[in-house]
Asker: 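Pasting in a structure now, in structure tokens, and then I'll have a few things to ask.
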Amino acid sequence: MRSTFIILFSIFTCSAFAQKQYATFTADSSELRKQTGSNTDDFDEVMQMEWKMNGKVLRFGSSMKIKVNNQPDTIFFKQSENSKWDTIICLVKEPEKYYFVYNECCGGFDVFDDKDRLITASVIFHFEEKQDSGIYIGTLGETGIVLNTSVSDTLWPACHSALAPNIYGIGIYKIELCHDTAEDCDQYTCVNIPGMKVGDGFRRDKTYSQFLFLPLSSDPLEVNFDQLSGKLRLK
């Protein structure tokens, strides 16, 4: 009898553990009518929003379960039937519940946790094997930081609009400063580069990485970049 109990208990425990290893994503449609107003066309267009992840499809009013794997996952997002697919990277680390909510201000969507909190991204860049004296920066939205091999500070989206979707562009670039208003001279307001004066900008000599990121926790995304191999690791 005791051995039977142990076997049954083990089966139950393993089953419960397995069930906990899935994150649930829900596209929340409860406020869509209010958000889109009385315009039926607007409502119908928003209802066309679609997400695909690991072969599963998510639309407003539905849910999907994704296995926790601690590896970068890809979400394909389409704003409407006539839109192109956007590619968004995320890391499913915890068996939590997440809610995709239509962003009525700027289009697209926001992601909330199960406590109805908007999730903000942050990044720690680890720069390995620097090969020259050039200037390298890592960016999170419109905020950037100079990369070097000795410092790994946490970067927060200081210039991210509070109304914009909490989907963030992350990039790694080799740059040079420019002191004019040429078309290819970027004017990031939240990038502090030694030697940059008021009115200066920079142009990108080389793009090593550029992708959209969807945060699923308040923990910083760690981006490890090896210039020598060109490899990027996320964790």
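Bear in mind the structure is a predicted one, so any value in this text is a computation, not a measurement.
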Asker: Measure the shortest side-chain to side-chain distance between L216 and L91 over non-hydrogen atoms and say whether it is less than 4.5 angstrom.
Answerer: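 Answer no - side chains too far apart.
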Asker: So, taking the atom named CZ in F100 and the one named CE in M49, what distance separates them when rounded to the nearest 0.5 Å?
Answerer: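 CE of M49 is found 9.5 Å from CZ of F100.
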Asker: Crowded around Q79 CD? As in, over 12 foreign heavy atoms under 6.0 Å?
Answerer: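 Above 12, so yes.
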Asker: Locate the shortest heavy-atom distance separating K56 from I66; write the atom from each residue and the value.
Answerer: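 Smallest interatomic distance, heavy atoms only, reads CD-CD1, 4.1 Å.
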Asker: Salt bridge check, K174 against D132: does any charged N sit closer than 4.0 Å to a carboxylate O?
Answerer: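 Counted as a salt bridge, because a side-chain N and a carboxylate O are separated by less than 4.0 Å.
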Asker: I'd like to know if the side chain of Q48 and the backbone of E81 have a donor-acceptor N/O pair within less than 3.5 Å.
Answerer: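 Looks like yes, one N/O pair under 3.5 Å.
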Asker: Looking at P157 and A121, what are the two nearest heavy atoms and their distance?
Answerer: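 Shortest heavy-atom contact: CD-O, 3.1 Å.
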Asker: With side chains defined as the heavy atoms from C-beta onward, is the minimum distance between T143 and W156 less than 4.5 Å?
Answerer: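 They are not in contact (no side-chain heavy atoms under 4.5 Å apart), so the answer is no.
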Asker: How long is the gap from CD1 on I119 to OG on S217, to the nearest 0.5 Å?
Answerer: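 Here the rounded value is 7.5 Å.
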Asker: Look up atom CD1 in I135 and atom CD1 in I175, then write down how far apart they are to the nearest 0.5 Å.
Answerer: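 One gets 5.0 Å once the value is rounded to the nearest 0.5 Å.
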Asker: Can you give me the closest heavy-atom contact between K93 and K235, atom names plus distance?
Answerer: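 Closest approach of K93 to K235, heavy atoms only: NZ-C, 3.4 Å.
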Asker: Is there a side-chain contact between N166 and T120 in this structure, where contact means two heavy atoms from C-beta onward sitting under 4.5 Å apart?
Answerer: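 Answer no - side chains too far apart.
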Asker: Quick check: F60 with Y102 (ring centres under 6.0 Å apart)?
Answerer: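 Here the rings of F60 and Y102 have centres that are no less than 6.0 Å from each other.
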Asker: For the residue pair K67 and N54, establish whether any side-chain heavy-atom pair is separated by less than 4.5 Å.
Answerer: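 They are not in contact (no side-chain heavy atoms under 4.5 Å apart), so the answer is no.
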Asker: In terms of the angle between their ring planes, are Y136 and F127 parallel, tilted or perpendicular, with boundaries placed at 30° and 60°?
Answerer: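 Taking F127 first and then Y136, their aromatic rings sit tilted (interplane angle of 30° to 60°).
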Asker: Tell me whether the count of non-hydrogen atoms from other residues, nucleotides or ligands lying under 6.0 Å of NZ in K97 goes above 12.
Answerer: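 No - once you tally the heavy atoms of other residues, nucleotides and ligands closer than 6.0 Å, there are 12 at most.
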Asker: Do H160 and E142 touch side chain to side chain, with heavy atoms closer than 4.5 Å?
Answerer: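 H160 does not reach E142 side chain to side chain.
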Asker: Where do L163 and C105 come nearest, in terms of heavy atoms and distance?
Answerer: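 Distance-wise, the nearest heavy atoms are CB-SG, 3.6 Å.
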Asker: Could you grab the distance from atom CG of D73 to atom CG of L234, nearest 0.5 Å is fine?
Answerer: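 D73 atom CG to L234 atom CG measures 11.5 Å (nearest 0.5 Å).
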Asker: Does any part of the side chain of L221, heavy atoms only, come nearer than 4.5 Å to the side chain of I124, both counted from C-beta?
Answerer: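 No. Closest side-chain heavy atoms not under 4.5 Å.
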Asker: Determine whether F211 and L232 make a side-chain contact, defined as any pair of heavy atoms from C-beta on separated by less than 4.5 Å.
Answerer: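 Result yes, sub-4.5 Å side-chain heavy-atom pair found.
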Asker: I want to check something: taking the side chain as every heavy atom from C-beta on, are V123 and P220 in contact at a cut-off of under 4.5 Å?
Answerer: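 No. Closest side-chain heavy atoms not under 4.5 Å.
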Asker: Could you state the interatomic distance from CG (D226) to CZ (R233), rounded to the nearest 0.5 Å?
Answerer: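 Here the interatomic distance stands at 8.0 Å.
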Asker: Given S30 and D28, is the side-chain hydrogen bond (donor to acceptor under 3.5 Å, both in side chains) satisfied, shown in steps?
Answerer: CA-CA 6 Å; S30 60; D28 189 355; 2.8 Å; yes
Asker: Look at the side-chain heavy atoms of Ile, Leu, Val, Met, Phe, Trp and Tyr, link any pair under 4.5 Å apart, and say whether M53 and F76 land in one connected group.
Answerer: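 No, no single cluster joins them.
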Asker: Can you name the closest pair of heavy atoms from F213 and I88 and give their distance?
Answerer: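 Closest approach of F213 to I88: C-CG2, 4.0 Å.
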Asker: Treat each ILVMFWY residue as a node, draw an edge where side-chain heavy atoms are under 4.5 Å apart, and state whether L212 and V101 are in one component.
Answerer: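 No; tracing contacts between hydrophobic side chains, which count when under 4.5 Å, never links both residues.
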Asker: Name the one of W51, Y99, Y98, F25 that satisfies ring pair (Phe, Tyr, Trp, His ring centres under 6.0 Å) with F109?
Answerer: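 Of the listed options, the one satisfying the test is W51.
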Asker: How far does SG of C190 sit from CG of L140, to the nearest 0.5 angstrom?
Answerer: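 Rounded to the nearest 0.5 Å, the SG-CG separation comes out at 10.5 Å.
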Asker: Measure from the side-chain N and O atoms of S209 to the backbone N and O of I172, and report whether any donor-acceptor pair falls under 3.5 Å.
Answerer: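 No; zero donor-acceptor contacts below 3.5 Å.
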Asker: List the atom of V92, the atom of A23, and the distance in Å for their closest heavy-atom pair.
Answerer: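 Smallest heavy-atom distance, with atoms named: CG1-CB, 3.6 Å.
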